[in-house]
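The next block holds one structure in the form of structure tokens; read it before the comments.
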Amino acid sequence: MKLDVIKLDGGKAGSVELSADLFGLEPRADILHRVVRWQRNNAQAGTHKVKTRSETSYSTKKIYRQKGTGGARHGDRNAPIFRGGGIYKGPVVRSHGHDLPKKFRKLGLRHALSAKAQAGELVVIEDAATEGKTAALAKQVKNLGWKRALVIDGAEANQDFLKAARNIEGLDILPTMGANVYDILKRDTLVITKAGIEALEARLK
């Protein structure tokens, strides 16, 4: 499929042929869901923790005799039913991450790119070159109508663009190796430079 290439100032810069393997697939929600869930689970800290009855600070002395009181049988005050006692089967520090095959992750990225292309939310720009001025870039972004956009550059993100985009709400830039399903789907517009398309094709083939 062919797509027009534009400049940051809105001018035309020819067209580019997009690979059907990357941008022409029929997006599948189940594949995208699995990859996003893998990403978010790996990002989860898993540092939540409660104290068990072996970690609370009450005495371990038996609170009253086993028989003859007419009440229930208890050991010490650390039991979960008492106020201040340990928690039974509460959360412990652990990793929430799980494995996902590398081929499936690549497939998910291809489906995310195809989803944006199919929805008409894909924009190709000549390059992410800017003067490094936030005000000038913000004006260009507003004129182009990008409200929540992700820019994917080549092997390395343009440093001047990074500096200028830092304080513009809703605008982010990633190098090709940082491109991921969650960030692509989260934004309304996906913007890729010509260098970014070449690098993505090399990465995902």
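Since this is a predicted model, take the numbers as computed values, not measurements. Note that the numbering runs from 1 along the sequence shown for the chain.
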Expected output: side-chain [X] to main-chain [Y] donor-acceptor under 3.5 Å:
X: Trp38; Y: His98; result: yes
X: Lys62; Y: His74; result: yes
X: Ser114; Y: Leu22; result: yes
X: Thr56; Y: Tyr58; result: no
X: Arg53; Y: Pro80; result: no
X: Glu201; Y: Glu198; result: no
X: His111; Y: Leu32; result: no
X: Arg203; Y: Thr176; result: yes
X: Arg105; Y: Leu100; result: yes
X: Arg65; Y: Lys67; result: yes

Original post:
Can we say Asp30 and Arg34 salt-bridge, meaning some charged N sits less than 4.0 Å from an Asp/Glu carboxylate O?
Top reply: no

Looking at every heavy atom in both [X] and [Y], which two are closest together, and how far apart are they?
X: Leu25; Y: Arg110; result: CD1-CB, 3.8 Å
X: Ser57; Y: Asn78; result: N-OD1, 4.1 Å
X: Gln39; Y: Asn180; result: NE2-OD1, 3.0 Å
X: Ala157; Y: Leu162; result: CB-CD1, 4.0 Å
X: Thr130; Y: Ala164; result: CG2-CB, 4.2 Å
X: Val50; Y: Gly90; result: CG2-CA, 3.6 Å

Subject >> Audit row: Asp76, Phe82, side-chain contact (heavy atoms from CB on, under 4.5 Å) steps and yes/no >> reply: CA-CA 9 Å; Asp76 58 60; Phe82 292 120; over 6 Å; no

**OP:** Anything under 30° is parallel, anything over 60° is perpendicular, the rest tilted; go ahead and classify His48 against His96.
**Re:** tilted

Original post:
Counting only heavy atoms not in Lys139, do more than 12 sit closer than 6.0 Å to its NZ atom?
Top reply: no

Subject >> Glu169 atom CD, neighbour heavy-atom count above 12 within 6.0 Å >> reply: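 Open: at most 12 neighbouring heavy atoms sit under 6.0 Å from CD of Glu169.
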
Original post:
Could you walk me through whether Val191 and Leu144 pass the side-chain contact (heavy atoms from CB on, under 4.5 Å) check?
Top reply: CA-CA 11 Å; Val191 182; Leu144 290 166; over 6 Å; no

Original post:
Honestly curious: do Leu200 and Ile173 fall in one hydrophobic cluster under the side-chain, below-4.5 Å linking rule?
Top reply: no

**OP:** Before giving the answer on side-chain contact (heavy atoms from CB on, under 4.5 Å), spell out for Leu107 and Val35 the whole-Å C-alpha distance, their side-chain angles and the decisive distance to 0.1 Å.
**Re:** CA-CA 9 Å; Leu107 180 64; Val35 179; over 6 Å; no

Original post:
Given the rule in the side-chain contact (heavy atoms from CB on, under 4.5 Å) test, do Lys194 and Val124 qualify, once you have shown the distances and angles that lead to the verdict?
Top reply: CA-CA 7 Å; Lys194 287 175 76 174; Val124 180; 4.3 Å; yes

Original post:
With distance as the sole criterion, is a donor-acceptor pair present between the side chains of Thr193 and Asp153 under 3.5 Å?
Top reply: yes

